[in-house]
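Structure first, commentary second.
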Amino acid sequence: MPSLSYKYKGSQYETIYVIDKDSVSAGRLPSNDISLLDVSVSRNHFVIKREQDGYYLYDNGSSNGTILNNRKIGDGTKLHDQDQITAGSVVFVFKDDELTTIKEVPAKELDSIAVSPSLLNNVYFDIIFSVARESIYATDHTGFYSNTIKLICDAIKAEYGAVLFTDEKTGELVLKAANYENGPGIRGISSAILNRSIKNRAGLLVKNAVEDNRFAGDRTIQNMGINSALCAPLWEKEYIYGALYADRRLNQTPFNEEHLHFVTIMANLLALNVAHERLTQKIIDEKNITDQIKRFVPIEAVSSLLDMIKNNPSEMWNVQAVERTTVMFADIVGFTSLTEKNEPEAIAKLLRAFFEQATSIVLSNGGSINKFLGDGFMAVFGTPLSHPDDPDRAIRSAIKLLEWVKAGAGGMAISLRIGIDTGPVTGIMVGSPQRLEYTIIGNCVNVSSRLQARADTNQILISSETNGFLQSPFNTKLVGEITVKGKENPVRAYQVIF
């Protein structure tokens, strides 16, 4: 793409205008493509037009005429590289050598670059091999990207370089690593260059950026004095993970196409590394979620929950209203006294046996262990998996657990108190993929806890609501009314006799 470089009389400052359209006008009026602030220039001085065989210069009826190589032109005259055009006291040089061009390498050209050793020297191949090998074994990912961008910048003699990632939530580019600390950060990188490279999914080479009129409005290029820049998107298949960027500022020699090919290949290599990192993390997260769901959900509900999380991951965090849930609290009687009379190892062994037995019994009855509470636990029947006979399942679990206790409880004599209530709750998943916890909120949580606290040794107390929903012929006996904190009316409690 050709350009015009021009200077005002007596000025050392040169401006470059890239000819990126079929017709370019120059003159004193602001409506011209090149507006010249010089009284010796006519309002509409000359026009350059692209024809089939090149670019032609036309005088536009100027007062003093348009001079081409010291000769006044009449009709259209073909331009050649380094031709000198004079309008008033302003001197232009026509350049056809693409010194101020933007060069792009689209993804479809990468294969030809990869199989053409002549395009890259051995130094670049050594770096590509080194980074590819390191990406396989890297454990410190931040250090990996920092080392990689330093290698790249040293190889192509870039003054500033950075690896940028696209924030998955905001979609904005954020700095991942740079070739030196305390640098300008993302504010020192041209957004125009980044956006064009990412939008076109192509490696980008920009020469003489400060003088390129296409970047005249980019304050970063002007303020930072960016002379030449390289940028390539980090993308794999349909996913854009970020960008690889490098520039020269004090170094007036622009990057070349070999640098562009090298940076484009490195960007694609880094994109594959990011894709691998995210796939690995996804596998870890899914395993964590699976393992944690198995802790508190009956086995028949695990696959359906995992399918829901996989297909609609946002639903995992939704608040769920459950019309009827049965909650069971159980704890060991006199646990403090037990800890005073026994060695810590014996207490730890007891708790492991107790919780393992409780978990096995509850899950086998279709319930969930919601949380362990030091010397007790809370179990839920009805969410996330519900059954018509959830109250019955809770009572069967309580009876089975007490039978285990009376049979010896794994070698240490203990007693339990158990309380059960039924009612509406709100269920919600809290935490993160690394640590999940399913929590329920509702009045029956409070009531079942109070019933457990009021129960006698090895006694199961249930509420009138639970008793009213029973489908099996359990033997229950009215104990009386119990005052529960937070409830205006007392709770009618029943004992399960077995």
Side-chain angles (χ1 to χ4, degrees), residues 296-302 304 320-333 354-371 376-409 414-425 427 438 440 442-482 484 490-498:
F296 58 78
V297 175
I299 192 65
E300 59 265 35
V302 172
S304 60
Q320 179 186 19
V322 184
E323 185 176 347
R324 192 177 75 190
T325 296
T326 299
V327 179
M328 178 175 78
F329 275 84
D331 79 342
I332 300 173
V333 178
F354 173 56
F355 289 139
E356 286 175 5
Q357 190 68 22
T359 301
S360 176
I361 291 172
V362 169
L363 291 180
S364 67
N365 280 286
S368 306
I369 295 293
N370 188 264
K371 56 174 63 72
F377 66 89
M378 170 183 163
V380 180
F381 298 79
T383 181
L385 187 68
S386 64
H387 307 88
D389 60 341
D390 281 318
D392 301 60
R393 291 168 179 264
I395 291 177
R396 282 198 292 269
S397 298
I399 292 173
K400 191 74 173 177
L401 187 57
L402 281 176
E403 288 175 345
W404 174 77
V405 167
K406 291 178 180 180
I414 62 171
S415 301
L416 301 181
R417 292 190 182 95
I418 299 177
I420 299 173
D421 185 29
T422 302
V425 298
Y438 184 76
I440 61 170
N443 184 61
C444 67
V445 176
N446 179 46
V447 172
S448 57
S449 176
R450 297 296 178 181
L451 287 171
Q452 173 263 313
R454 295 290 296 272
D456 290 333
T457 299
N458 290 335
Q459 185 182 48
I460 304 170
L461 287 185
I462 67 174
S463 66
S464 57
E465 285 78 10
T466 300
N467 190 62
F469 285 121
L470 293 178
Q471 298 183 16
S472 302
F474 291 105
N475 185 8
T476 61
K477 175 185 176 182
L478 178 63
V479 174
E481 294 184 341
I482 296 175
V484 176
V491 174
R492 291 172 61 85
Y494 290 79
Q495 178 185 354
V496 178
I497 300 171
F498 61 97

Residue Arg324 excluded, over 12 heavy atoms near CZ under 6.0 Å: yes

Pairwise distance CG(Asp421) to CG(Asn443) - rounded to 0.5 angstrom: 7.0 Å

Minimum heavy-atom distance Val479-Tyr494, with the two atoms named: CG2-C, 4.1 Å

Name the atoms and distances for all side-chain donor-acceptor pairs under 3.5 Å in residues 468-477, with sequence neighbours left out.
residue, atom, partner, partner atom, Å
Gln471, NE2, Pro388, O, 2.9
Ser472, OG, Asp392, OD2, 2.8
Thr476, OG1, Asn467, OD1, 2.9

Report the distance from atom CD1 of Ile369 to atom CG of Leu363, rounding to the nearest 0.5 Å. 6.5 Å

Donor-acceptor pair, Ser397 side chain versus Arg393 backbone, under 3.5 Å? yes

Does Ser449 use its side chain to pair, donor to acceptor, with the backbone of Asn446 at less than 3.5 Å? no

Show your working on side chain to side chain contact (heavy atoms under 4.5 Å, CB included) between Met378 and Ile440 and close with a plain yes or no. CA-CA 11 Å; Met378 170 183 163; Ile440 61 170; 3.5 Å; yes

Parallel, tilted or perpendicular: which one describes the rings of Phe377 and Phe354, with boundaries at 30° and 60°? tilted

One should read off an interatomic distance between Glu465 CD and Ser448 OG, to the nearest 0.5 angstrom, of 11.5 Å

Decide yes or no for Met328 and Val362: does some side-chain heavy atom of the first lie under 4.5 Å from some side-chain heavy atom of the second? yes

Side-chain heavy-atom pair Ile460, Gln495 within 4.5 angstrom cut-off: no

Interatomic spacing from CG in Leu402 to CG in Asn458 - rounded to 0.5 Å: 5.5 Å

Spell out, as yes or no, whether a donor-acceptor pair under 3.5 Å connects the side chain of Thr359 to the backbone of Phe355. yes

Thr466 and side chain to side chain donor-acceptor pair (under 3.5 Å): which single residue from Thr422, Asp390, Thr326 fits? Thr422

Which atom pair, heavy atoms only, marks the closest approach of Glu481 to Pro490? OE1-CG, 3.4 Å

Scanning both residues in full, the closest heavy-atom pair of Gly366 with Phe381 reads C-CD2, 4.4 Å

Is any side-chain heavy atom of Ser463 closer than 4.5 Å to one of Leu451? yes

Correct closest heavy-atom pair for Cys444 and Val425 would be SG-CG1, 3.4 Å

Report yes if the side chains of Asp389 and Arg396 come closer than 4.5 Å at any heavy-atom pair, otherwise no. yes

On a heavy-atom basis, which atom in Val333 and which in Leu416 lie closest, and how many Å separate them? CG2-C, 3.7 Å

Give, for atom CD1 of Ile414 and atom CG of Asp331, the distance between the pair rounded to the nearest 0.5 Å. 10.0 Å

To the nearest 0.5 Å, how far apart are CD1 in Ile418 and CD1 in Ile395? 10.5 Å

